[in-house]
Amino acid sequence: MAEHCASGGLLLSVIIPAFNEEAYLPATLGALQEAAKGLLVELIVVDNGSTDRTRAIAIEYGARVVPELVHNIGRVRNAGAWTASGATLVFVDADTLVPKTLLQAILTEMQRGECAGGAVAVDYSVLKRRWMRLYLRGWKFWGRVFNMKQGAAQFCRREAFTALGGYDESIYVGEDVHFYWQLSRWASQNRQRMAFLDRPKVVTSARRFDQMGVVKSLVLTHPLVIWLFWKKPDIWRDWYVRLIR
């Protein structure tokens with residue numbers, strides 16, 4: 001799907017990694033279509049070997065489908081990016097809703113001075129375990145301290161993505177934080193800036209915090225645990241084998 005306008009040329013490529021996301025993908029793509037109105041945008045859904053209607057839904061919403069069978073989130077993101085046409089790459093998770101103004105806000109940032117890319121602030125859908133919000137506030141605090149920005153919505157200039165070689169495919173969880181660190185370093189070295197959009201926020205699903213065991217969710221989503229074990233695939237079976245959908 002590409003919206004056309006008088007300026008000509010493809011500006012934004014939105015890449016959505018998806019594995020059995022039939023429950024969330026329609027709302028995600030619908031929100032992206034609304035945000036794309038009046039802009040030049042292509043939607044790319046990277047189908048990570050889904051066995052449900054993920055591929056069919058992507059086609060129904062006018063997205064181009066790119067297959068990637070290897071279950072590694074960095075590889076899935078890269079598969080979409082390497083086929084994209086836009087000068088700016090935007091990565092949105094399949095269970096994440098973007099506000100109408102987000103794509104325009106990203107485009108504005110990328111056109112305002114030398115911006116290598118950035119990320120968008122994340123909020124969560126209503127949590128069944130309301131006390132979990134306190135934990136997530138702590139995550140946000142340490143995120144500011146250590147410059148950790150989540151990948152529910154990230155964006156970057158194609159030049160920077162190519163220079164970095166994309167997301168690190170040896171990482172199974174936390175590849176988004178690692179990429180943001182690498183992108184920030186690249187921006188500094190090339191006298192470019194990073195942009196963090198605190199408004200408008202994207203809203204991503206709280207399903208993992210609602211359905212995963214309490215101890216497991218607190219341990220496996222802790223930044224220190226992610227950093228220590230992000231290259232150990234056996235640790236992250238709840239992300240790749242015992243899927244929460």
Side-chain angles (χ1 to χ4, degrees), residues 15-21 24-25 28 45-50 54 68-81 89-96 117-125 127 129 132 135-156 161 164-185 202-245:
I15 296 118
I16 307 106
F19 179 32
N20 288 346
E21 292 287 4
Y24 289 89
L25 196 56
T28 297
V45 171
V46 186
D47 179 17
N48 196 203
S50 300
T54 290
E68 174 52 65
L69 297 180
V70 176
H71 292 302
N72 172 281
I73 185 59
R75 181 166 177 148
V76 176
R77 293 182 190 273
N78 289 342
L89 307 176
V90 183
F91 299 88
V92 176
D93 284 352
D95 62 349
T96 298
V120 184
V122 176
D123 202 357
Y124 287 90
S125 58
L127 287 154
R129 298 165 176 161
M132 188 66 77
Y135 170 71
L136 293 175
R137 285 175 188 168
W139 209 105
K140 289 181 180 179
F141 170 78
W142 291 113
R144 288 192 294 271
V145 172
F146 293 107
N147 192 31
M148 297 185 297
K149 300 297 187 292
Q150 294 172 268
Q154 289 183 330
F155 56 95
C156 70
F161 188 87
L164 293 173
Y167 288 84
D168 187 335
E169 297 181 10
S170 70
I171 294 175
Y172 288 83
V173 170
E175 83 298 332
D176 48 354
V177 172
H178 178 269
F179 180 77
Y180 194 87
W181 285 342
Q182 297 296 103
L183 184 61
S184 297
R185 187 177 298 113
V202 298
V203 178
T204 196
S205 168
R207 57 186 171 181
R208 185 160 284 113
F209 298 104
D210 287 337
Q211 299 179 45
M212 189 181 288
V214 173
V215 174
K216 184 181 284 188
S217 63
L218 291 176
V219 171
L220 293 184
T221 61
H222 193 285
L224 180 60
V225 174
I226 291 173
W227 179 71
L228 287 174
F229 298 106
W230 58 13
K231 294 190 177 185
K232 304 290 185 182
D234 289 345
I235 301 292
W236 310 109
R237 294 176 65 82
D238 288 283
W239 274 253
Y240 293 99
V241 180
R242 297 184 293 264
L243 296 176
I244 294 175
R245 290 293 181 264

> Does the pair Leu220 and Asp238 meet the rule for a side-chain contact (heavy atoms from CB on, under 4.5 Å), with working shown?
Replying inline: CA-CA 9 Å; Leu220 293 184; Asp238 288 283; 4.1 Å; yes

>> Classify the ring geometry of Trp230 against His178: parallel below 30°, tilted from 30° to 60°, perpendicular beyond 60°.
In response: perpendicular

> Can you tell me if CH2 on Trp227 sees more than 12 non-hydrogen neighbours from other groups inside 6.0 Å?
Replying inline: no

>> Could you report the tightest heavy-atom contact between Ile226 and Val173, atom names first, then the distance?
In response: CG2-O, 3.6 Å

>> Before you tell me yes or no, could you show the steps for Val203 and Tyr124 under side-chain contact (heavy atoms from CB on, under 4.5 Å), namely the whole-Å CA-CA distance, both residues' side-chain angles and the distance that decides it to 0.1 Å?
In response: CA-CA 5 Å; Val203 178; Tyr124 287 90; over 6 Å; no

>> Could you tell me if Arg207 sits above the aromatic ring of Tyr24, with its cationic atom closer than 6.0 Å to the ring centre and no more than 45 degrees from the axis?
In response: yes

> Using the ring of each side chain (for Trp, its six-membered ring), is Tyr172 parallel, tilted or perpendicular to Tyr240, with breaks at 30° and 60°?
Replying inline: perpendicular

>> On the six-membered ring of Trp236, is Arg242 placed so that its NZ or CZ lies under 6.0 angstrom from the centre and within 45° of the ring axis?
In response: no

> Taking the inter-plane angle between the rings of Phe91 and Tyr167 on a 0 to 90° scale, is it parallel (under 30°), tilted (30 to 60°) or perpendicular (over 60°)?
Replying inline: perpendicular

> Does Arg77 pair with Asp93 as a salt bridge, N-O distance under 4.0 Å?
Replying inline: yes

> Considering all heavy atoms of both residues, which atom of Glu175 and which atom of Ile73 are nearest to each other, and what is their separation?
Replying inline: OE1-CG2, 3.0 Å

>> Apply side-chain contact (heavy atoms from CB on, under 4.5 Å) to residues Asp123 and Thr204 and explain how you reach the verdict.
In response: CA-CA 6 Å; Asp123 202 357; Thr204 196; over 6 Å; no

